[in-house]
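Structure record follows, encoded as structure tokens.
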Protein chains: 2
Amino acid sequence: MTLTHAFPADESALDQAFDRLGTRITVARDEEVYAQDDEADRFYRVMSGVVRTSRLTADGRRQVGDFYYAGEVFGLEPGPDHRFAAEALTECEIQVVRRSAVRAFAGDVEVDRAILEATRVEMERLQEHVMLLGRKGARERVAGFLMGLAQRQPEDHVDLPMGRQDMADYLGLTIETVSRMLTQLQGEAIVAFPSTRRFHIRKWGALEALAA
Amino acid sequence: MTLTHAFPADESALDQAFDRLGTRITVARDEEVYAQDDEADRFYRVMSGVVRTSRLTADGRRQVGDFYYAGEVFGLEPGPDHRFAAEALTECEIQVVRRSAVRAFAGDVEVDRAILEATRVEMERLQEHVMLLGRKGARERVAGFLMGLAQRQPEDHVDLPMGRQDMADYLGLTIETVSRMLTQLQGEAIVAFPSTRRFHIRKWGALEALAA
DNA sequence: CGGTTAATTGAACGCATTCAACACGAGTGG
DNA sequence: CCACTCGTGTTGAATGCGTTCAATTAACCG
């Protein structure tokens with residue numbers, strides 16, 4: 001899996017800051033990058049692997065915030081501390097910079113612009129997530145999820161780095177329902193699963209219509 | 001209703017830009033401030049009244065994004081155009097500034113910071129909204145909604161500027177379910193509704209526990 | 001190969017929706 | 001003042017979608 005498209009040719013000030021000031025860490029599968037309620041004083045960029053953010057409610061229910069692929073920035077959060085934890089879904093290489101270090105670098109203007117831009121990307125995802133959770137049925141949620149992954153990995157066969165539980169917790173459903181919807185979509189020949197962690201879209205139109 | 005608390009003593013660069021460059025408009029009840037898919041080239045600040053943002057899916061389902069009260073900024077959206085429309089819930093006075101005008105004013109640094117800050121506030125709301133929609137039942141959603149309103153209007157009696165349909169579309173429920181939950185909460189003496197558009201919290205602890 | 005975890009499938013249940021009827025409130029006109 | 005209407009909100013009964021609980025199958029790894 002290459003995902004070279006995730007690194008745009010023109011690097012933003014934030015990307016440059018990562019390149020120059022970032023310390024590279026590797027995080028093992030299922031290890032935590034930062035915990036819920038940790039201080040949010042760093043930015044992170046995925047170099048390889050996939051990161052998942054999630055939040056646990058007091059009574060143990062889990063909501064996953066999003067999944068971050070190579071080239072994507074995470075850890076941008078509104079408050080002084082993280083409302084969502086971040087964990088490595090697969091073994092990950094991650095670049096980290098302290099926020100204060102980023103500020104000192106390259107003059108504030110460009111950096112602030114870049115941070116704002118990254119924050120906007122994050123916001124767009126959140127808006128999409130709200131639409132998904134608010135007014136869509138299980139079929140549509142699952143279809144939308146698969147579409148989203150396929151757009152990020154425009155290869156013929158898309159792999160699912162996350163398990164069913166993670167999908168379910170992202171979609172606000174249960175593993176059973178997710179599983180049922182997947183077999184249903186497969187039964188209608190809209191998608192095909194050669195293995196549980198790998199799929200292929202056979203009817204883009206149909207999937208798109210569902211994901212709407 | 002005063003809501004003076006919504007205007008902090010120390011004005012941000014954005015607030016100052018509004019004060020100096022903003023043109024004031026008044027929008028009648030149910031009139032549109034901007035439409036879905038309009039170009040997003042302005043910032044807005046509510047002076048009086050309440051604004052609602054909402055998005056319509058292709059097949060007519062509606063999701064309400066949020067409600068904005070006096071002192072709050074809206075219209076900050078990630079992309080070049082609005083994914084959510086904005087409408088006046090009540091008659092509103094709104095200050096408007098072009099984004100380009102804001103940039104030209106006061107040097108980029110402070111303005112960018114202020115915009116970033118406002119964007120973060122918006123992001124926080126979106127995160128909260130995702131949590132609400134993803135892993136909460138109808139009771140909890142309604143309770144959480146009432147809590148949110150009560151926190152913004154720390155008076156004894158809180159009024160609901162929006163109708164049941166708006167609440168439902170914000171919460172991802174139907175009007176009937178919202179209504180049932182309200183009567184249920186009232187039956188348990190957690191809240192009291194002297195009229196349909198006005199309520200009072202009788203058991204903060206119980207409501208808080210539900211909203212968690 | 002077992003042994004273990006993850007994923008699928010089945011059946012019963014429950015919560016929210018749907019569809020329908022009724023109540024309430026505000027505004028209008030007799 | 002009452003009668004009438006229209007919009008909005010509430011309540012009831014039946015349906016359905018997703019969940020829950022339980023059992024089976026598939027994938028992974030020693």
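For the numbers below, each heavy atom of this structure counts, side chains included, while hydrogens, waters and symmetry mates do not.
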Using atom [atom1] of [X] as one end and atom [atom2] of [N] as the other, report the distance to the nearest whole Å.
| X | N | atom1 | atom2 | answer |
| --- | --- | --- | --- | --- |
| B:E176 | D:dT15 | CD | C1' | 14 Å |
| B:F193 | C:dG25 | CZ | P | 15 Å |
| A:Q184 | D:dC17 | CD | P | 10 Å |
| A:R197 | D:dA26 | CZ | P | 18 Å |
| A:D169 | D:dT19 | CG | P | 11 Å |
| B:I175 | D:dG12 | CD1 | P | 16 Å |

When rounded to the nearest 0.5 angstrom, what distance separates [atom1] in [X] from [atom2] in [Y]?
| X | Y | atom1 | atom2 | result |
| --- | --- | --- | --- | --- |
| B:R20 | B:D15 | CZ | CG | 12.0 Å |
| A:R125 | B:M123 | CZ | CE | 10.5 Å |
| A:R55 | B:R135 | CZ | CZ | 14.0 Å |

Using a heavy-atom cut-off of 4.0 Å across all strands, would you classify A:L173 as base, sugar-phosphate, or nothing?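 A:L173: backbone/sugar contact only, no base atoms under 4.0 Å.
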Remember a base hit wins even if backbone is also touched, and classify B:R139 as base, sugar-phosphate or nothing at under 4.0 Å, heavy atoms.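 The residue B:R139 makes no contact with any strand.
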Tell me whether A:D159 is salt-bridged to A:R198, with the criterion being a basic N under 4.0 Å from an acidic carboxylate O.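 Here A:D159 pairs with A:R198 in a salt bridge, since their nearest N and O are under 4.0 Å apart.
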Would you call A:R52 and A:E87 a salt bridge, taking side-chain N to carboxylate O under 4.0 Å as the test?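 A salt bridge links A:R52 with A:E87.
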Is the base of C:dG10 touched by the side chain of A:R180 through a donor-acceptor pair closer than 3.5 angstrom?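 Yes, a donor-acceptor pair under 3.5 Å.
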Do the side-chain N or O atoms of [X] get closer than 4.0 angstrom to the phosphate oxygens (OP1, OP2) of [N]?
| X | N | value |
| --- | --- | --- |
| A:R164 | C:dT8 | yes |
| A:T177 | D:dG18 | no |
| B:T174 | C:dA16 | no |
| A:T183 | C:dT9 | yes |

Considering heavy-atom distances to DNA chain D, does A:K136 or A:T196 have its closest nucleotide positioned more toward the 5' end?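 On the 5' side of the pair lies A:K136.
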